[in-house]
Amino acid sequence: MRISIMPTIKSRSFYVMTGLIIILIIFRIITLHDNELSWDVLGYYIHLPALFIYKDHGLSDLGWIHQLMELYPLTGTLYQISIGPDGNPIFFFLMGMSFFYLPWFLIGHLLASFSGYPADGFSLPYQYSLAIGVISYTIIGLVYLRKILLNFFNERIASVVMVIIVLGTNYFHFMTVKNLETANILFLMVTLIIWNTIQWHKNFSLKNLISLSVFIVLTALAKPSEVLVVLIPLLWGVYNRETLIIKFNLIKQHLRQFPIAIFAGFLVALPQMIYWYLETGNILYDSYKNPGVGLDLFSPHIINVLFSFKKGWFIYTPVMIFSVFGFYYLYKKNKAIFAPLLIYVLVAFYILSSWTEWWYGASFSIRPMITLYPILAISTGYFLEHLFTKKSFHKAVFAIIVVFFIALNLFQTWQLNNYIIEPYRMTRDYYFAVFGKTKITDEDRKLLAPDLAFNESSVIPDKSAFRMRNFGFYDFEEEDVNLKNHLSYDSVNGVVLRMDSTLNFSPEIRTTYRGLTDKDYVWINAKVDVLIPAGFKEELPLLVLTFNRKEGNYHYRSYAIDTNVYKPGSWGKIEVEMMTPNIRSTSDYFLVYVWNRSKSPVYIDNMKTDAYEPF
């Protein structure tokens, strides 16, 4: 009798899934580093050390956080802490991700306590324990993705779809190098929600409904905008008036289950609501306080999200075009799930496209699209099901294209992690200049866009490459009824403005961003003459440059006179150059003004601001 060790057709998808899991585990381990708990991950994670190590979940003293920032390269600015209604510090991110980190945090804490490493929440045992531990969620997500696919397709289609999703998309990057970010957990949650939706509509088990409630709440606690995933179970099976009535009657028939399920979800949300109530007095609170970033639902960045060479989804994840085609065949073959899946994808896509920072930081391709991949895997499966009925030629062409896209994705993932693909500054010209390259030149780098996110340079490079235009000037020579009591005569400068305790802020130079330029950025040169009287002992006046909108100001910059150069008792100058940041809206206001922080008088003159617009 001959025994075959080759996988059977029946078990093909299991072996493919196992192979993919092994690949993910290997790449996650070889890409471990000693700064896993930084930037956004710090914001998700910080709940745990605050509660269990520093006994300060109310953030009554931020000293321990600042001490950790001196020891570890955790973040540039402490944006992970927001401001409560009374000005008190509160956590910026919800605690959902920390629920998933908790077991691995406890293991890391145990290892640190017995290994001689600092038990401070951020030493290597914590970093490695969490990064390796959350691989378990990746595995569970793939297990349930396979179960979902096998519910609709055969082994071959399920296998091919898993290979496309894992190796052909940015899923690979975010399940290895970036597996502590939300994409890992949200992918898992959506697979579990889809699976329990399928099961509840088959057997109407209370267990599945409770699971749905818990997983939807956990999804919202990890990323609030993803609460819309509730549309999947809510609309499942509905595609016309008759099926809507059937769904309504189905819910009515099993109505007794819903209070229990809702209560289970409430228990999961309870820790977050208690925290909000203790810190803000409200059981629901928006802690995402950042005037420069937010949802702008009336100005979505759809074209950029799909096609920009900065991060465009179809540019950096081209294999997923087949998932879009697949919705046509999904509609033809399974109308019962077409509507809920398409509606959720469209709504979720619109919302993620409406985020101000539509490129999502240093992500590879569009990171939030990974949350939609369990759904897009189904539409891809229906595309493949149709393709496999065609002639061998069509299947061969498709196979060649997919293999190329997978190779491209893996290579570009390598380029990203080796700083060839730049995480913030990609342009069309640079993309093609480095396409397929393993090394880059200084000439290539000249094709990158300016770094609007982190540029703190104070020098305009090569002014001949810019068009200069003045957009504001005050010399205080003209009469102004509002300022007449504050105008003085100086033997050097003539008429000048006296600022004292009755005039803390000078007149503003103000314009909208669209009033400055229609380009992605512009350089600003702002200057003002300042006279600080001899013997001045108070806080120096500041020249302030800031962007404002109704939610507040952002990219606030202030500059004092250099008293090492300009001595009190004589006129000096504050002159600064600043490149505009990523702005939220072209209607945001750019302001320049002088702020006198003292009670004693200071004098200013010739306040001028120029814009240097790139040709």
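The figures here come from the full heavy-atom set of this structure, side chains too, leaving out hydrogens, waters and symmetry mates.
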Asks: Please report the interatomic distance CG(Leu295) to OG(Ser353), rounded to the nearest 0.5 Å.
Replies: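 Atom-to-atom, Leu295:CG and Ser353:OG are 10.5 Å apart.
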
Asks: Run through Asp588, Thr546, Asn548 and flag the one making a side-chain hydrogen bond (donor to acceptor under 3.5 Å, both in side chains) with Tyr554.
Replies: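 That would be Asp588.
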
Asks: Quick one: CH2 on Trp523 to NZ on Lys463, what's the gap to the nearest 0.5 Å?
Replies: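 That separation rounds to 10.0 Å.
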
Asks: Is there a donor-acceptor pair closer than 3.5 Å between any side-chain N or O of Tyr79 and the backbone N or O of Asp40?
Replies: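 A pair under 3.5 Å: yes.
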
Asks: Stepwise, does the side-chain contact (heavy atoms from CB on, under 4.5 Å) test hold for Ile375 with Ile232?
Replies: CA-CA 10 Å; Ile375 294 168; Ile232 295 174; 3.6 Å; yes

Asks: Please check if the side chain of Thr169 supplies one atom and the backbone of Thr317 the other of a donor-acceptor pair under 3.5 Å.
Replies: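 Checked: no pair found.
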
Asks: Could you tell me whether the side chain of Asn409 and the main chain of Leu167 form a donor-acceptor pair under 3.5 Å?
Replies: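 Yes, the answer is positive, given that a donor and an acceptor are paired below the 3.5 Å cut-off.
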
Asks: Out of Tyr328, Tyr329, Tyr331, Tyr344, which residue meets the ring-ring contact (aromatic ring centres under 6.0 Å, His included) rule with Phe338?
Replies: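 Exactly one pass, corresponding to Tyr331.
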
Asks: When you measure from the side chain of Ser308 to the backbone N and O of Val305, does any donor-acceptor pair fall under 3.5 Å?
Replies: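 No; zero donor-acceptor contacts below 3.5 Å.
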
Asks: Among Phe92, Phe93, Trp39, which residue meets the ring-ring contact (aromatic ring centres under 6.0 Å, His included) test with Tyr44?
Replies: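 When ring-ring contact (aromatic ring centres under 6.0 Å, His included) is applied between Tyr44 and each of Phe92, Phe93, Trp39, only Phe93 qualifies.
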
Asks: If you apply the rule side-chain contact (heavy atoms from CB on, under 4.5 Å), what do you find for Met320 with Met369, and how did you get there?
Replies: CA-CA 10 Å; Met320 293 308 287; Met369 289 299 297; over 6 Å; no

Asks: Hey, would you say the Phe398 and Phe322 ring centroids sit under 6.0 Å apart?
Replies: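 Judged by ring-centre distance (under 6.0 Å), Phe398 and Phe322 do meet the cut-off.
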
Asks: Mind checking whether Phe432 and Phe309 have ring centres under 6.0 Å apart?
Replies: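 Yes; Phe309 has its ring centre under 6.0 Å from that of Phe432.
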
Asks: Scan Tyr373, Tyr171, Phe174, Tyr144 and name whichever one has a ring-ring contact (aromatic ring centres under 6.0 Å, His included) with Phe187.
Replies: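 Output: one option passes, namely Tyr171.
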
Asks: Start with the C-alpha gap between His173 and Lys178, add the side-chain angles, then the distance that decides, and say whether side-chain contact (heavy atoms from CB on, under 4.5 Å) holds.
Replies: CA-CA 6 Å; His173 175 66; Lys178 298 290 185 179; 3.5 Å; yes

Asks: Taking 4.0 angstrom as the limit, do Arg367 and Glu357 come out as a salt bridge?
Replies: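 No, Arg367 and Glu357 are not salt-bridged.
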
Asks: Does the gap between the ring centers of Phe100 and Tyr137 come in under 6.0 Å?
Replies: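 Ring-ring flag for Phe100/Tyr137: true, centres closer than 6.0 Å.
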
Asks: Step through it carefully: locate the ring centre of Tyr431, locate the ring centre of Tyr316, and say whether they are under 6.0 Å apart.
Replies: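 Between Tyr431 and Tyr316, the centre distance is under 6.0 Å.
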
Asks: Say you draw a straight line from CG of Leu352 to CZ of Phe349; how long is it, rounded to the nearest 0.5 Å?
Replies: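 Between atom CG of Leu352 and atom CZ of Phe349 there are 6.0 Å.
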
Asks: Would you find a donor on one side and an acceptor on the other, under 3.5 Å apart, between the side chain of Asp444 and the backbone of Val434?
Replies: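 Side chain of Asp444 to backbone of Val434, a donor-acceptor pair under 3.5 Å: no, none is there.
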
Asks: Between the main-chain N or O of Tyr101 and the side-chain N or O of Ser98, is there a donor-acceptor pair closer than 3.5 Å?
Replies: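 Side chain of Ser98 to backbone of Tyr101, a donor-acceptor pair under 3.5 Å: no, none is there.
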
Asks: Between the main-chain N or O of Ile421 and the side-chain N or O of Gln415, is there a donor-acceptor pair closer than 3.5 Å?
Replies: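 No, because the side chain of Gln415 does not come within donor-acceptor range (under 3.5 Å) of the backbone of Ile421.
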
Asks: Roughly how far apart are Ser363 OG and Tyr424 OH, rounded to 0.5 Å?
Replies: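 Separation between the atoms: 9.0 Å.
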
Asks: Got a second to check how far Leu94's CG is from Leu221's CG, nearest 0.5 Å?
Replies: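 Here the interatomic distance stands at 6.0 Å.
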
Asks: Tell me whether Lys390 at atom NZ has more than 12 heavy atoms from other residues, nucleotides or ligands lying less than 6.0 Å away.
Replies: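 It does not: Lys390 NZ has 12 such atoms or fewer within range.
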
Asks: Between the side chains of Arg425 and Asp451, is the shortest nitrogen-to-carboxylate-oxygen separation below 4.0 Å, so that they form an ion pair?
Replies: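 The answer is no: the pair does not qualify as a salt bridge.
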
Asks: Is the closest side-chain heavy-atom distance between Val594 and Met607 below 4.5 Å?
Replies: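 Heavy-atom side-chain distance check passes, below 4.5 Å.
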
Asks: Tyr45 pairs by ring-ring contact (aromatic ring centres under 6.0 Å, His included) with which of Tyr126, Trp104, Phe122?
Replies: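 Result for ring-ring contact (aromatic ring centres under 6.0 Å, His included) with Tyr45: Phe122.
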
Asks: Using a strict cut-off of less than 4.0 Å between a Lys/Arg side-chain nitrogen and an Asp/Glu carboxylate oxygen, indicate whether Glu508 and Arg510 qualify as a salt bridge.
Replies: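 Looking at Arg510 together with Glu508, the answer is yes, because their closest N to O distance falls below 4.0 Å.
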
Asks: How about Phe172 and Phe364: are their ring centres within less than 6.0 Å of each other?
Replies: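 That pair fails the under 6.0 Å test.
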
Asks: Counting neighbours of CZ on Phe298 that are heavy atoms of other residues, nucleotides or ligands and sit closer than 6.0 Å, is the number greater than 12?
Replies: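 Not more than 12 within 6.0 Å, no.
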
Asks: Output the distance between atom CD1 (Ile29) and atom OG1 (Thr176), rounded to the nearest 0.5 Å.
Replies: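 That separation rounds to 12.0 Å.
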
Asks: Without swapping roles, check the side chain of Lys311 against the backbone of Pro423 for a donor-acceptor pair under 3.5 Å.
Replies: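 At least one qualifying donor-acceptor pair exists.
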
